[in-house]
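Accompanying notes for the structure given below.
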Amino acid sequence: MTYPVRTITIDIDRSFDEVADFLADPLNFPRWATGLSSGIEPGSPSTGAEPGEWIAAAPQGTAFVRFSPPNPYGVADHQVRLPDGSVVHIPLRAMRNGDGTTIAFTLFRLPDVDDEQFDADSDWVRRDLKALKALLEK
């Protein structure tokens, strides 16, 4: 089974290397990703985190986030393991675009998400990407 998706993009007037480096550091995500705005920190077994997971507060409770390792391709995928054990995969890419960078965020519509919620989630992603753009273009 596959899910419907929306890929939401934004152009950033900064070099690919600067944007990719920024996205490669998990500590930068709370600066623009409102779902992680309360902060993020490296996890430990005593907190329930699996190796390589970070801890973040989510509306549902403590979430565990695993980020792609830094890489030269602009891949900043991450996955969020929610308190109920479900995992949300978030593909995030930085792509060279002339002297700047295009960011693409792929949002999956999961089975329990209706049209209204999918639209709201899409709007949330757009707001976060606009915040990322504003932050990086300062």
Side-chain angles (χ1 to χ4, degrees):
M1 174 181 184
T2 61
Y3 303 116
V5 300
R6 285 188 185 151
T7 299
I8 302 163
T9 64
I10 196 162
D11 295 325
I12 298 177
D13 190 21
R14 290 289 292 270
S15 75
F16 170 81
D17 291 334
E18 291 172 304
V19 174
D21 286 348
F22 184 85
L23 291 175
D25 184 350
L27 293 174
N28 285 328
F29 276 73
R31 298 175 62 191
W32 64 275
T34 55
L36 300 174
S37 63
S38 62
I40 190 165
E41 61 187 46
S44 67
S46 65
T47 61
E50 295 174 2
E53 287 184 327
W54 292 67
I55 300 171
Q60 304 90 333
T62 300
F64 300 95
V65 186
R66 183 180 307 278
F67 293 91
S68 294
N71 63 82
Y73 309 109
V75 175
D77 293 359
H78 48 291
Q79 64 183 27
V80 179
R81 182 169 54 93
L82 298 171
D84 68 3
S86 63
V87 176
V88 178
H89 298 277
I90 304 170
L92 180 65
R93 302 288 192 280
M95 297 167 281
R96 293 179 197 279
N97 186 348
D99 293 332
T101 305
T102 296
I103 299 292
F105 183 112
T106 301
L107 179 65
F108 293 99
R109 179 179 172 171
L110 301 178
D112 60 338
V113 174
D114 63 19
D115 289 343
E116 186 176 330
Q117 184 61 53
F118 196 46
D119 288 342
D121 290 346
S122 298
D123 290 342
W124 185 350
V125 169
R126 284 185 195 91
R127 282 191 304 273
D128 280 356
L129 292 180
K130 286 179 184 176
L132 175 63
K133 176 182 176 73
L135 179 64
L136 290 175
E137 289 183 352
K138 270 188 193 178

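S86 approaches D84 most closely through the heavy-atom pair OG-OD1, 2.6 Å. A20 approaches G74 most closely through the heavy-atom pair CB-CA, 4.2 Å. Closest heavy-atom contact between S122 and I8: O-CD1, 3.7 Å. Nearest heavy-atom pair across A57 and S38 is CB-OG, 3.2 Å. Minimum interatomic distance between S44 and I55 (heavy atoms only, all atoms of both residues): N-CD1, 4.4 Å.
Here the CD1-CG distance, from I10 to L129, works out to 5.5 Å after rounding to the nearest 0.5 Å. Rounded to the nearest 0.5 angstrom, I90 CD1 and Q79 CD are separated by 9.5 Å. A distance of 12.5 Å separates CZ of F105 from OG1 of T9, quoted to the nearest 0.5 Å.
Between the side chain of R109 and the backbone N or O of F118 there is no donor-acceptor pair closer than 3.5 Å. Listed for the E137 side chain is a donor-acceptor partner under 3.5 Å among the backbone atoms of D13. The backbone N or O of L92 lies less than 3.5 Å from a partner atom in the side chain of D77, making a donor-acceptor pair. Put simply, the side chain of T101 gets close to the backbone of R14: a donor and an acceptor are under 3.5 Å apart. Listed for the H78 side chain is a donor-acceptor partner under 3.5 Å among the backbone atoms of A76.
In this structure the side chain of R6 reaches within 4.5 angstrom of the side chain of D119, judged on heavy atoms. Within the 4.5 Å cutoff, the side chain of W124 has no heavy atoms near those of the L107 side chain. The shortest distance between side-chain heavy atoms of N28 and L135 does not fall below 4.5 Å. Side-chain contact between V80 and F64 is absent, with no heavy atoms from C-beta onward closer than 4.5 Å.
Taking the six-membered ring where tryptophan is involved, the planes of Y3 and F108 are perpendicular, since the angle between them exceeds 60° and thus also 30°.
Using a 4.5 Å cut-off between side-chain heavy atoms of Ile, Leu, Val, Met, Phe, Trp and Tyr, with links allowed through other members, V75 and V19 fall into different hydrophobic clusters. When the side chains of ILVMFWY residues are joined at heavy-atom separations under 4.5 Å, either directly or via intervening members, L136 and L36 end up in a single hydrophobic cluster. V125 and M95 are assigned to two separate hydrophobic clusters, defined by single-linkage of ILVMFWY side chains at heavy-atom distances under 4.5 Å. Hydrophobic clustering of Ile, Leu, Val, Met, Phe, Trp and Tyr side chains at less than 4.5 Å, counting indirect connections, unites M1 with V88. F16 and I12 end up in different hydrophobic clusters when Ile, Leu, Val, Met, Phe, Trp and Tyr side chains are linked at under 4.5 Å.
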Check your understanding: Can you check side-chain contact (heavy atoms from CB on, under 4.5 Å) on E18 and D21, steps first, answer last?
Key -> CA-CA 5 Å; E18 291 172 304; D21 286 348; 6.0 Å; no

Exercise for review: Just do the side-chain contact (heavy atoms from CB on, under 4.5 Å) check on R66 and R81 with the steps written out, would you?
Suggested key: CA-CA 8 Å; R66 183 180 307 278; R81 182 169 54 93; over 6 Å; no

Review point. Between I40 and F67, does a side-chain contact (heavy atoms from CB on, under 4.5 Å) hold up when you go through it step by step?
Key: CA-CA 12 Å; I40 190 165; F67 293 91; 3.6 Å; yes

Point to revise | Stepwise side-chain contact (heavy atoms from CB on, under 4.5 Å) test for L132 and D128 | key: CA-CA 6 Å; L132 175 63; D128 280 356; over 6 Å; no

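Heavy-atom contacts from other residues, nucleotides or ligands closer than 6.0 Å to CG of D114 number more than 12.
Residues D17 and S15 have side chains that never bring a donor and an acceptor to within less than 3.5 angstrom of each other.
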